[in-house]
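See below for the structure under consideration.
Computed from a predicted model, the values in this text were never measured in an experiment. So that the names make sense, note that chain A is the first sequence line, chain B the second, and so on, each numbered from 1.
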2 protein chains.
Amino acid sequence: MRKEEKKRCVVAEKNKTERRKFYNDDECPIRNVVAQIGDKWSMLILFALVDGSDRFNSLKSRIIGISQRMLTQTLRDLEREGYVKRTVFPEVPVRVEYELTEMGSGIVKPLYQLVSWAGEHHDDIKHCRKIYDDRVSS
Amino acid sequence: MRKEEKKRCVVAEKNKTERRKFYNDDECPIRNVVAQIGDKWSMLILFALVDGSDRFNSLKSRIIGISQRMLTQTLRDLEREGYVKRTVFPEVPVRVEYELTEMGSGIVKPLYQLVSWAGEHHDDIKHCRKIYDDRVSS
DNA sequence: TAACCTTGGTTACTTTTAATTACTATGGTG
DNA sequence: CACCATAGTAATTAAAAGTAACCAAGGTTA
């Protein structure tokens with residue numbers, strides 16, 4: 001199956017260098033990483049927890065605009081993936097602390113590279129957008 | 001405004017070290033990067049173009065599962081952001097080539113770090129998921 | 001003892017956004 | 001005149017996110 005497709009690809013491309021294919025299964029690391037943290041809130045929560053463990057309502061007030069429902073849901077997902085650890089302290093009222101696991105700290109490193117790149121080039125991107133929009137509208 | 005919120009935050013957290021807040025404006029690099037390439041196809045297209053410039057239908061066949069419409073749309077968005085350059089060759093039939101811009105090559109580097117991290121830890125994540133699901137269902 | 005407070009949720013419902021599918025256009029070629 | 005590559009557009013469906021109301025435990029207050 002794979003071999004056949006590769007062959008077809010090579011034939012189609014003729015004398016060009018061979019190019020990768022991106023398969024639609026759960027072995028594709030790109031699709032995996034996008035599915036895991038490509039949603040609206042995951043990266044924000046991971047970065048919030050870089051500052052140290054934090055509790056539900058504090059996170060809610062630090063991540064401006066997140067609803068209680070989405071915070072719960074995204075924290076659950078991150079916990080399930082193994083990026084976040086949830087600890088319940090049976091005090092009154094109950095206290096729940098969230099912190100990065102070792103894996104959570106692990107993924108934050110490349111994410112940080114990405115975000116600092118984005119920060120550095122934010123103006124360039126806005127510039128490109130403007131040029132594009134001006135060109136298209138004319 | 002910001003100052004006030006910061007103050008409130010510090011008061012709320014008392015003797016803990018100060019924590020960052022993540023504001024809801026377009027200056028937040030995290031929200032920006034997620035909005036740009038957090039969708040289903042952007043990262044795949046960027047990575048496909050790392051192998052060199054390519055044309056529409058070749059991309060379509062290499063990125064398994066993408067529809068014609070989503071490829072068009074995502075390429076347009078990437079072009080608008082300045083990651084991809086589109087060149088039309090007025091041959092017959094028309095040939096359209098897509099390639100990474102300098103900025104596109106720039107963002108792919110941190111993305112590559114992220115993807116290789118994800119590739120290395122894919123099994124760990126699947127393991128975590130299984131443990132979580134077993135724990136929850138019991 | 002009843003009403004109320006807190007934190008940290010859940011549930012049902014609605015809105016918004018993303019993605020898919022199918023159809024149309026263009027401007028040549030064989 | 002059916003075909004190609006490269007789109008655009010419209011209709012539909014699916015998925016993500018938001019809103020608001022409610023719940024639970026256990027303490028406080030009246």
Without decimals, in angstroms, what is the distance between [X] [atom1] and [N] [atom2]?
{"X": "A:R69", "N": "C:dC13", "atom1": "CZ", "atom2": "P", "result": "13 Å"}
{"X": "A:R76", "N": "C:dG8", "atom1": "CZ", "atom2": "P", "result": "11 Å"}
{"X": "B:I45", "N": "C:dA19", "atom1": "CD1", "atom2": "P", "result": "11 Å"}
{"X": "B:D77", "N": "D:dA7", "atom1": "CG", "atom2": "P", "result": "14 Å"}
{"X": "B:M70", "N": "C:dA22", "atom1": "CE", "atom2": "P", "result": "17 Å"}
{"X": "A:L71", "N": "C:dG9", "atom1": "CG", "atom2": "P", "result": "8 Å"}
{"X": "A:Q68", "N": "D:dA17", "atom1": "CD", "atom2": "P", "result": "17 Å"}
{"X": "A:L44", "N": "D:dA16", "atom1": "CG", "atom2": "P", "result": "17 Å"}

Strictly below 4.0 Å: does [X] bring a side-chain N or O up to OP1 or OP2 of [N]?
{"X": "A:R86", "N": "C:dG9", "answer": "yes"}
{"X": "B:Y98", "N": "D:dA7", "answer": "yes"}
{"X": "A:R95", "N": "C:dT6", "answer": "no"}
{"X": "B:K40", "N": "C:dT20", "answer": "yes"}
{"X": "B:R55", "N": "D:dT6", "answer": "yes"}

For A:G65 and for B:V96, locate the closest nucleotide of DNA chain D by heavy-atom distance; then report the residue assigned to the nucleotide nearer the 5' terminus.
B:V96

For A:L100, run the side-chain contact (heavy atoms from CB on, under 4.5 Å) check against A:L78, A:L49, A:D51, A:I45 and tell me which one passes.
A:L49

What nucleic acid atoms does A:S67 come within less than 4.0 Å of, heavy atoms only: base, sugar-phosphate, or nothing?
base

Using side-chain heavy atoms (C-beta onward) and a distance below 4.5 Å, is B:T87 in contact with B:V96?
no

Can you check whether B:D133's main-chain N or O pairs, donor with acceptor, with A:R80's side chain at less than 3.5 Å?
no

Check whether A:S58 reaches the backbone of A:D54 with its side chain - one donor and one acceptor, N or O, closer than 3.5 Å.
no

Without hydrogens or angle criteria, can the side chains of A:T74 and A:D77 be said to hold a donor-acceptor pair below 3.5 Å?
no

